[in-house]
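Everything below concerns the one structure shown next.
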Amino acid sequence: MSKPGLDKWYAYMKSHDRTALWDLLHPDAVFESPVVHTPQRGRDITFKYLSSAEQVLGGPTFTYLGEWRNDTGAVLEFKTMIDGIEINGVDIISFDGEGRITHFKVMVRPLKAINMLHRMMGEELMKQSGATSQS
């Protein structure tokens, strides 16, 4: 398991240092959203989605509940509360041999949380220059 990559992910979630996030992403990273039909390919778009998700989800109630690892990645269960809705989900992260994120998939429940996140992520992505449409 590429533990240095996972440690760097946890450090980013605590520091919110976008430079650290950029450095953690492989140039060919792929991001899969719970609300976007197609995988988002490349460091630029993956960075936009992950930094936006951190802005939307990474508030004071965000916490990781559990962690399951294998040789190339980890599944991290999380929860947070936004506008009275408890959001529960998992981050499925794959790392390369150098500890950089190559693939990041997010799954979220319940449905009303997904709907709210779809709206909030769209708003956050629009704040970032060059953001692409979510649909």
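What you see is a predicted model, and the numbers here were worked out from it, not measured in a lab.
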One pair to check against side-chain contact (heavy atoms from CB on, under 4.5 Å): Ile93 and Val75. What are the steps and the verdict? CA-CA 6 Å; Ile93 310 171; Val75 176; over 6 Å; no
Can Phe62 and Lys79 be said to form a side-chain contact (heavy atoms from CB on, under 4.5 Å), step by step? CA-CA 6 Å; Phe62 183 90; Lys79 75 172 183 175; over 6 Å; no
Any donor and acceptor pair, going by atom type alone, linking the side chain of Asn88 with main-chain N or O of Phe78 inside 3.5 Å? yes
Counting heavy atoms not belonging to Arg109, are there more than 12 under 6.0 Å from its CZ? no
Between Val56 and Leu117, is there a side-chain heavy-atom distance shorter than 4.5 Å? yes
Nearest heavy-atom pair of Val90 and Glu77: which atoms, and what distance? CG1-CA, 3.9 Å
Answer yes or no: does atom CE of Met116 have more than 12 heavy-atom neighbours from other residues, nucleotides or ligands under 6.0 Å? yes
Should the ring pair Trp9 and Tyr12 be called parallel, tilted or perpendicular, given that the plane angle runs from 0 to 90° and is split at 30 and 60? tilted
Check: Leu76 and Leu6 side chains under 4.5 Å, non-hydrogen atoms: yes
I need the Phe31 CZ to Ile101 CD1 distance, nearest 0.5 Å. 10.5 Å
If hydrophobic clusters are built from ILVMFWY residues whose side chains come within less than 4.5 Å, do Ile45 and Ile92 share one? no
Of the non-hydrogen atoms in Thr19 and Asp17, which two are nearest, and what is the gap between them? N-OD1, 3.0 Å
Between Tyr64 and Tyr10, is the ring centroid distance below 6.0 Å? yes
Taking all heavy atoms of His26 and all of Arg43, pick out the closest pair and write down the distance. O-CB, 3.8 Å
For Ser94 and Thr102, indicate whether the former's side chain and the latter's backbone hold a donor-acceptor pair under 3.5 Å. no
Tyr49 side chain near Val36 side chain, heavy-atom distance below 4.5 Å: yes
Interatomic distance, CE@Met120 vs OG@Ser52, rounded to 0.5 Å, equals 11.5 Å
Could you tell me the separation between the CG atom of Leu50 and the CD atom of Gln55, rounded to the nearest 0.5 Å? 12.5 Å
For residues Pro34 and Met107, report the shortest heavy-atom separation together with the two atoms involved. CB-CA, 4.5 Å
Would a 4.5 Å heavy-atom cut-off, applied to side chains only, mark Pro4 and Glu98 as touching? no
Separation of Met81 CE from Ile87 CD1 (nearest 0.5 Å): 9.0 Å
At what distance, to the nearest 0.5 angstrom, does CZ of Phe95 lie from CZ of Arg69? 9.0 Å
Using 0.5 Å steps for rounding, measure from the CG atom of Asp44 to the CG atom of Leu25. 10.0 Å
Worked verdict on Glu32 versus Gln40 for side-chain contact (heavy atoms from CB on, under 4.5 Å): CA-CA 6 Å; Glu32 291 189 71; Gln40 304 300 300; over 6 Å; no
Testing the basics here: between Thr80 and Leu57, what is the closest heavy-atom pair and its distance to 0.1 Å? OG1-O, 3.5 Å
Go through the steps to decide whether Asp23 and Leu21 satisfy the test side-chain contact (heavy atoms from CB on, under 4.5 Å), and finish with yes or no. CA-CA 5 Å; Asp23 293 342; Leu21 174 60; over 6 Å; no
